[in-house]
Protein chains: 2
Amino acid sequence: MSPLQDHFVHVQCGDCPIRHRAVCARCETDELMRLEQIKYYRSFQAGQTIIWSGDRMEFVGSVVSGIATLTQTMEDGRRQMVGLLLPSDFVGRPGRATAAFDVTATTDLVMCCFRKKPFEEMMLSTPHIAQRLLEMTLDELDAAREWMLLLGRKTAREKIASLIAIIARRDAALQRKRTPVALSVDLPLTREEMADYLGLTLETVSRQISALKRDGVISLEGNRRVMIADIDRLMEEAGDDSDGGILV
Amino acid sequence: MSPLQDHFVHVQCGDCPIRHRAVCARCETDELMRLEQIKYYRSFQAGQTIIWSGDRMEFVGSVVSGIATLTQTMEDGRRQMVGLLLPSDFVGRPGRATAAFDVTATTDLVMCCFRKKPFEEMMLSTPHIAQRLLEMTLDELDAAREWMLLLGRKTAREKIASLIAIIARRDAALQRKRTPVALSVDLPLTREEMADYLGLTLETVSRQISALKRDGVISLEGNRRVMIADIDRLMEEAGDDSDGGILV
DNA sequence: CGCTTCGTTGACTCTTTTCAAATTCAGTGG
DNA sequence: CCACTGAATTTGAAAAGAGTCAACGAAGCG
């Protein structure tokens with residue numbers, strides 16, 4: 001279909017931007033060489049669905065660039081985002097035949113893919129991969145549990161403040177900047193996607209963003225860029241007891 | 001303190017009721033023997049806190065009998081359950097020094113514990129343990145994501161119906177009964193604990209249970225035992241598209 | 001320039017929460 | 001066995017927060 005569907009040039013793992021955070025992070029040179037042989041790149045356009053829930057999973061892989069979401073939809077159309085995948089995040093579930101959630105590219109996106117079978121075999125022979133995957137999965141589980149607190153107990157205002165803080169933290173982590181957190185953050189999501197992340201309607205998202213702006217906690221530069229006026233205030237509004245401690 | 005604090009008699013792993021579901025499920029006889037040497041039992045009374053969020057984690061382990069919860073609490077007291085641990089479920093996070101959530105026994109409970117350090121070392125030398133732990137963690141992550149849909153998008157009535165269905169499924173799984181699902185289920189939680197699970201208040205929980213009863217979807221036998229009048233109806237009320245398919 | 005998508009705002013509705021009181025239940029000691 | 005006590009649960013009435021429906025404005029694109 002689109003030119004973006006075509007496979008990308010093959011990048012050497014050593015030069016890969018996510019080399020030290022992805023599932024391959026702990027691999028030695030020789031292990032990397034074996035991965036190199038079974039990997040391939042795939043690109044997706046913004047809006048394109050990567051995997052449908054219920055589909056047979058042919059591959060697993062890592063997000064190299066761009067952003068993807070994991071979502072669940074009820075028959076009547078209510079939708080909840082259950083994962084936000086940034087570069088280095090892993091997609092797929094070794095040991096399961098079909099996908100449990102929809103995976104969608106929300107921006108143009110490049111994935112480093114492995115056919116599922118060879119990857120599973122390699123996991124058995126390469127403890128470094130399984131170890132790293134376990135570590136990443138445990139981290140995701142912790143993140144999911146924080147997210148559950150947000151969904152179950154936070155007010156709309158706290159949800160918005162939390163989302164901004166989460167995104168600020170995550171992309172500070174990605175850029176390996178240990179700076180307390182950027183003063184301005186790009187929201188990679190539409191209002192509707194934020195609503196799906198937060199368990200709100202898009203109208204409520206819009207209203208609460210306006211309210212935080214009105215109250216001087218943030219300011220906007222266009223619709224997508226948020227300037228964080230007062231980071232401590234934002235953390236306070238987010239209602240997290242874990243103080244503004246940096247990162248993941 | 002209490003007599004229950006004392007260590008239990010040492011049960012042979014071969015006779016352990018959770019032998020085939022817990023983190024040791026894939027272990028061979030010799031691997032089991034090594035686990036046997038480092039394990040010890042601990043008992044907790046109903047209501048007792050097993051681990052406080054932020055505490056140094058000295059041990060990890062499996063729930064052998066009884067029920068525990070993972071919860072998060074905000075400064076102002078709002079509380080969200082983020083894990084419900086039944087027999088065979090794993091407690092603790094290898095590779096992390098401090099606990100991220102409170103773990104509490106909601107019934108009298110027995111755990112099979114391993115000091116964290118020896119267990120971590122054993123994970124490195126015993127792929128079967130790491131493999132099983134990865135599998136269990138991925139399952140928990142999937143469960144957490146279903147839970148997120150519940151918290152973010154379901155109505156109070158759907159939440160209650162879902163909870164009853166989830167508990168029915170989980171203890172059918174535990175008893176290895178492949179029967180479609182018991183006709184009656186014991187709710188191992190108080191109304192308040194259910195509320196913390198579902199992101200509701202206890203009053204709303206009570207009201208919705210009454211409503212389901214009034215509408216003939218369930219009936220109660222005492223406060224804790226639910227008779228499921230019509231399982232298909234219950235699944236429908238729960239709003240899950242995944243049809244009443246059995247188990248985990 | 002018109003079209004479509006995205007975002008904001010307003011008015012009103014409705015579900016769930018909050019606050020308060022009544023009721024049931026389980027365990028204790030008489 | 002029964003009355004008593006405190007915890008758990010149910011129920012009611014009022015309030016609040018978020019949702020729904022609808023209109024309007026802004027930005028990107030052919």
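In what follows, chains are A, B, ... by sequence order, proteins preceding strands, each numbered from 1. Everything numeric here is computed off the predicted structure, so don't read it as measured data.
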Worksheet item: C/dT17 base to B/Arg78 side chain: any donor-acceptor pair below 3.5 Å?
Response: no
Worksheet, complete the sentence: A/Lys154 NZ to C/dT16 P, in whole Å, measures 22 Å
Discussion item. From CG of B/Leu189 over to C1' of D/dT9, roughly how many Å is that when rounded to an integer?
Written reply: 15 Å
Fill in: Rounded distance (Å) that lies between atom C1' of D/dT10 and atom CG of B/Leu212
15 Å
Item to complete: With heavy atoms under 4.0 Å as the rule, sort B/Thr204 into base, sugar-phosphate or nothing.
Response: base
Discussion item. Categorize B/Ser206 for me: base, sugar-phosphate, or nothing, with a 4.0 angstrom heavy-atom threshold over every strand shown.
Written reply: base
Discussion item. By nearest heavy atom, map A/Gly199 and B/Met194 onto DNA chain D; which one lands nearer the 5' end?
Written reply: B/Met194
Worksheet item: From the list C/dT16, D/dT10, D/dA18, which nucleotide is the closest neighbour of the side chain of A/Gln208?
Response: D/dA18
Worksheet item: Taking the side chain of A/Leu200 as its heavy atoms from C-beta onward, which of D/dA18, D/dA13, C/dT16 lies nearest to it?
Response: D/dA18
Worksheet item: Ignoring hydrogens and geometry, is there a side-chain-to-backbone donor-acceptor pair from B/Gln72 to A/Arg145 under 3.5 Å?
Response: yes
Worksheet entry | Short side-chain donor-acceptor distance under 3.5 Å, B/Arg79 and B/Thr71 | no
Worksheet item: Which part of the nucleic acid, if any, lies within contact of B/Ser210, taking any heavy atom under 4.0 Å across all strands shown: a base, the sugar-phosphate backbone alone, or nothing?
Response: sugar-phosphate
Item to complete: For the pair B/Asp215 and B/Arg233, evaluate salt bridge (charged side-chain N to carboxylate O under 4.0 Å, His left out) and give the outcome as yes or no after the intermediate values.
Response: CA-CA 11 Å; B/Asp215 297 346; B/Arg233 176 80 186 286; 5.2 Å; no
Worksheet item: D/dT9 C1' sits how many Å from B/Arg225 CZ, rounded?
Response: 19 Å
Fill in: Atom pair distance, as rounded to whole Å: CZ in A/Arg191 and C1' in C/dT9
13 Å
Worksheet item: What is the distance, rounded to the nearest whole Å, between atom CG of B/Leu220 and atom C1' of D/dT9?
Response: 11 Å
Fill in: 5'-most by nearest nucleotide on DNA chain C - A/Arg153 or A/Thr190
A/Thr190
Discussion item. Just to be sure I understand the rule, does A/Gly47 reach a base, reach only the sugar-phosphate, or reach nothing, if contact means heavy atoms closer than 4.0 Å?
Written reply: nothing
Practice prompt. Determine whether A/Leu86 and A/Asp89 make a side-chain contact, defined as any pair of heavy atoms from C-beta on separated by less than 4.5 Å.
Written response: yes
Practice prompt. May I ask you to check whether A/Arg225 and A/Ser184 show a side-chain donor-acceptor distance below 3.5 Å?
Written response: yes
Worksheet item: Does any donor-acceptor pair link the side chain of B/Glu203 with the base of C/dC19 at a separation under 3.5 Å?
Response: yes
Worksheet item: Think B/Arg224 has a side-chain N or O under 4.0 angstrom from the OP1 or OP2 of D/dT9?
Response: yes
Item to complete: Look at all strands and tell whether A/Arg157 reaches a base, only sugar-phosphate, or nothing, counting heavy atoms closer than 4.0 Å.
Response: nothing
Worksheet item: Is A/Arg93 reaching over with its side chain to a backbone N or O of A/Met57, donor-acceptor style, under 3.5 angstrom?
Response: no
Discussion item. From the set C/dA11, C/dT18, C/dT16, return the single nucleotide nearest to any side-chain atom of A/Arg207.
Written reply: C/dA11
Fill in: Gap between atoms CG and P, on A/Leu198 and D/dA18 respectively (whole Å)
12 Å
Worksheet entry | A/Asp196 CG to D/dA18 P, straight-line distance once rounded to whole Å | 17 Å
